[in-house]
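In listed order, ligands and their atoms are each counted from 1. No experiment lies behind these values; they were computed from the predicted model shown. Start at 1 with the first residue, then count along the sequence.
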Amino acid sequence: MSDHAHNKLTTASGRVYAENENTKTVGPRGPVLLEDYILHEKMAHFNRERIPERVVHSKGSGAFGTFTVTDDISQYTRAKIFNKVGKKTKVFVRFSTVGGEKGSADTERDPRGFAVKFYTEDGNWDLVGNNTPVFFIKDPKKFGDFIHTQKRDPYSNLKSPTMMWDYWSLNPESLHQVLILMSDRGTPVGYRFMNGYGSHTFSMINAKNERVYVKFHFKTAQGIKTFTDAEANAMKAKDLDFAQRDLVEAIDNGQFPKWNLKIQVMTEEQSRNTEFNPFDLTKVWPHGDFPLIDVGVLELNQNPDNYFQDVEQAAFAPAHVVDGIGYSPDKMLQGRLLSYPDAHRYRLGSNYEQIPVNKCPFAVNNYQRDGQMRVDGNGGRKPNYWPNSFDNISVDESYKEPSDSLDSSIADWYDRNSKIGDHDHYSQPRALFREVMTVEEQDNTIRNVIGAMSGVTGPNRELIINRQLCHWFRMDEDFGRRVADGLGVNVNAVMESMNVGRR
Ligand code: NDP
């Protein structure tokens, strides 16, 4: 028998293999003996290699990097990550597409996830956003229905433009995000050449315990680069994994991608007086009124050694904030606070925060014990309850947030008569189309909308197309006419049906 040396092939329990390619059989032609444990272990572990795929954002790419503070924002936040110009914090970032499965094409027309985990000394802070500043819906109760329309049809198992446009046309709050999705920004050239946005409204709390509301923007230092629809489709045929390849190769070649982090700030007083609801995820805060403030630089400079370990097992949650950064009343954010950790407990288990990429590298003290895959010593002999007479773990009241006052009543609110423009789904996309997009971007967007809406089929085709055309008309009449022309629709008939629809 040979020594159990470090370079021998072994089972997971350390038994050295004497053989790795020939199964134990009765005679050279078989049958196979049940006692060949090595065969069973190899097969059994292989059978369990896949963990549940994320329902959304399943195809992703990730890298480690550094966040460096360039400007002092301590007047707004006491968060330790921002407390000194020049301070560096380790980060992990995961980019993703949203609607496709793990093997889907990286160049699909889709929003892109942009999730950042900052390993701060006050705990891990996750900013879990997208490459767009807004979203399709503003109430979390709609999320499951909306996502079903972006996935596969239950009968055909195909992606369905009919489901998508049916849902969007019945939910005009989606128009802003749909316009951005249909512009060339819906098909970015990989992940390096796009912006990221925290999207939700968050809050910041300073050393005087004063609160402001904030929006986070990561502006790409590489410049924006987008594919046209034709280029994105051509890339799909050439390289399904274009964005993954682009990111891994850039970092391997020392071309570390960077983003400039900026914030917009709104006082509590201002938040009560804006014409739009500043906690509505379908709206942006205009830069003219709420200018961008420089904060720091995010750089990605290290590919993970193992994709599954760090990218597949990464778990981000908007609920993970740190002292000095807080939530806001944004309903979508509030829904995500509960839903994201719930998804991780299902996908990775209740101890998902012990997985190295998710683990806080600084002190973690609590009385949570046991559960599947508890591998960190489980608190050893230390007490498993609080308060107790044996340790000195305490709460710290200096971390308390200022109180917030509410002056409303409880209801499942849908305020049809809202005066603050909650139901104005048209002004902001109109501004984007008319005032921000170049003529070329406008032309491409209209061409992309016509192409996408052409996919609507079935008995409700006319109803769905006319209903969506009404929204385009309300946003911009010329846009509506050009889309109607492209779809071969009689514009007068659409004008007559302007009252069609739920709202
Ligand atoms: P600004 O002119 O100050 O800002 C326009 C913004 O639009 C820039 O941040 C620009 O990003 C971005 N942009 C340009 N083309 C597109 C596109 N095809 N899709 C999405 N974003 C694009 O105007 P306002 O702040 O007054 O906003 C006007 C409209 O611009 C808004 O209604 C909204 O649709 C859009 N927008 C606004 C943002 C905001 O936070 N205020 C953020 C993003 C979009 P870049 O600098 O990277 O080119």
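Considering backbone and side-chain atoms together, Tyr197 places no N or O closer than 3.5 Å to any N or O of ligand 1. The shortest N/O to N/O separation between Trp285 and ligand 1 falls below 3.5 Å.
Using a 4.0 Å cutoff on heavy atoms, Glu435 does not count as a contact of ligand 1. Heavy atoms of Gln264 approach ligand 1 to within less than 4.0 angstrom. Residue contacts with ligand 1 do not include Gly288, since none of its heavy atoms lies under 4.0 Å from the ligand.
The protein heavy atom nearest to atom 29 (C) of ligand 1 is Val436 CG2, 3.9 Å. Looking at atom 47 (O) of ligand 1, its nearest protein heavy atom turns out to be Asn195 ND2, 2.6 Å. Summary of contacts: the protein heavy atom closest to atom 19 (N) of ligand 1 is Arg185 CG, 3.7 Å. Of all protein heavy atoms, the one lying nearest to atom 1 (P) of ligand 1 is His287 ND1, 3.6 Å. Annotation: atom 34 (O) of ligand 1 to nearest protein heavy atom, His176 NE2, 2.6 Å.
Ion pairing of Asp294 with Lys262 is present here, as a side-chain N (NZ or NE/NH1/NH2) and a carboxylate O approach within less than 4.0 Å. Note on Glu268 versus Arg272: no salt bridge recorded, every NZ/NE/NH1/NH2 to OD/OE distance being 4.0 Å or above.
For the pair Pro111 and Leu181, the minimum side-chain heavy-atom distance is below 4.5 Å.
In His217, the part holding a heavy atom less than 4.0 Å from any atom of ligand 1 is the side chain. For Gln428, heavy-atom contacts with ligand 1 shorter than 4.0 Å involve the backbone as well as the side chain.
The only option from His176, Glu173, Lys283 that meets the side chain to side chain contact (heavy atoms under 4.5 Å, CB included) definition with Val134 turns out to be His176.
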